Amino acid sequence: MFLVVPDHTHGLVAAPESSLDLTPRIEASLTAQGFTWNGAIDAYTRQTDSSPAAVDRIADMLRDLGQYVFSSHTPPSAR
């Protein structure tokens with residue numbers, strides 16, 4: 001399962017629920033889309049294009065790879 005959301009600090013975030021969700025195919029697909037692993041937040045991030053269309057595109061890609069995905073077009077509020 002993944003969470004895909006825009007973030008004010010990290011850009012577009014694709015966060016797996018656990019390391020079991022990080023298959024080689026998913027990692028390769030995210031890397032091909034310009035994402036890099038951010039160990040500080042245990043998620044893939046991409047600084048460019050965190051638009052609603054980009055959120056939907058990445059969420060759909062992950063669903064096509066067999067993942068359940070929660071997504072939001074609105075960044076989480078700062079705490």
Side-chain angles (χ1 to χ4, degrees):
M1 183 176 346
F2 271 80
L3 173 66
V4 178
V5 294
D7 180 81
H8 297 294
T9 303
H10 301 289
L12 186 54
V13 175
E17 180 181 32
S18 77
S19 61
L20 298 175
D21 296 316
L22 294 175
T23 66
R25 190 169 172 210
I26 287 174
E27 290 177 323
S29 296
L30 288 168
T31 300
Q33 294 294 317
F35 285 84
T36 57
W37 181 252
N38 183 327
I41 62 170
D42 290 333
Y44 276 89
T45 62
R46 180 177 76 186
Q47 287 298 320
T48 59
D49 193 9
S50 58
S51 68
V55 170
D56 290 342
R57 190 169 42 258
I58 298 305
D60 287 343
M61 179 193 76
L62 290 166
R63 287 183 186 109
D64 289 344
L65 293 170
Q67 289 293 313
Y68 292 103
V69 179
F70 292 97
S71 62
S72 173
H73 298 145
T74 306
S77 59
R79 292 184 185 146

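Each residue takes its place number in the sequence, starting with 1. Predicted model only: the values in this text are computed from it and were never measured.
No continuous path of hydrophobic side-chain contacts links I58 to L3 [ILVMFWY only; heavy atoms under 4.5 Å]. V5 and Y44 fall into different hydrophobic clusters, defined by Ile, Leu, Val, Met, Phe, Trp and Tyr side-chain heavy atoms under 4.5 Å apart, directly or through other members.
Electrostatic pairing of D60 and R57 does not count as a salt bridge here, judged by no charged N lying under 4.0 Å from a carboxylate O.
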Which pairs of donor and acceptor atoms, one on a side chain in residues 25-34, lie under 3.5 Å apart (sequence neighbours left out)?
from : atom 1 : to  : atom 2 : distance (Å)
S29  : OG     : R25 : O      : 2.9
T31  : OG1    : E27 : O      : 2.9

For residues 64-71, which side-chain N or O atoms pair as donor and acceptor with protein atoms under 3.5 Å away, sequence neighbours left out?
from : atom 1 : to : atom 2 : distance (Å)
Q67  : OE1    : M1 : N      : 2.8

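One finds the CD atom of Q47 at 8.5 Å from the OG1 atom of T9 (value rounded to the nearest 0.5 Å). Rounding to the nearest 0.5 Å gives a distance of 5.5 Å between NE2 of H10 and CG of N38.
Judged as a ring-ring contact (aromatic ring centres under 6.0 Å, His included), and not counting sequence neighbours, F2 has no contacts.
Across every non-hydrogen atom of S50 and V55, the tightest pair is O-CG2, 4.2 Å. Between L12 and P6, the closest heavy-atom pair is CD1-N, 4.1 Å.
Proximity of a side-chain donor or acceptor of D21 to a complementary backbone N or O of S18 within less than 3.5 Å is detected.
Within the 4.5 Å cutoff, the side chain of W37 has heavy atoms near those of the D42 side chain.
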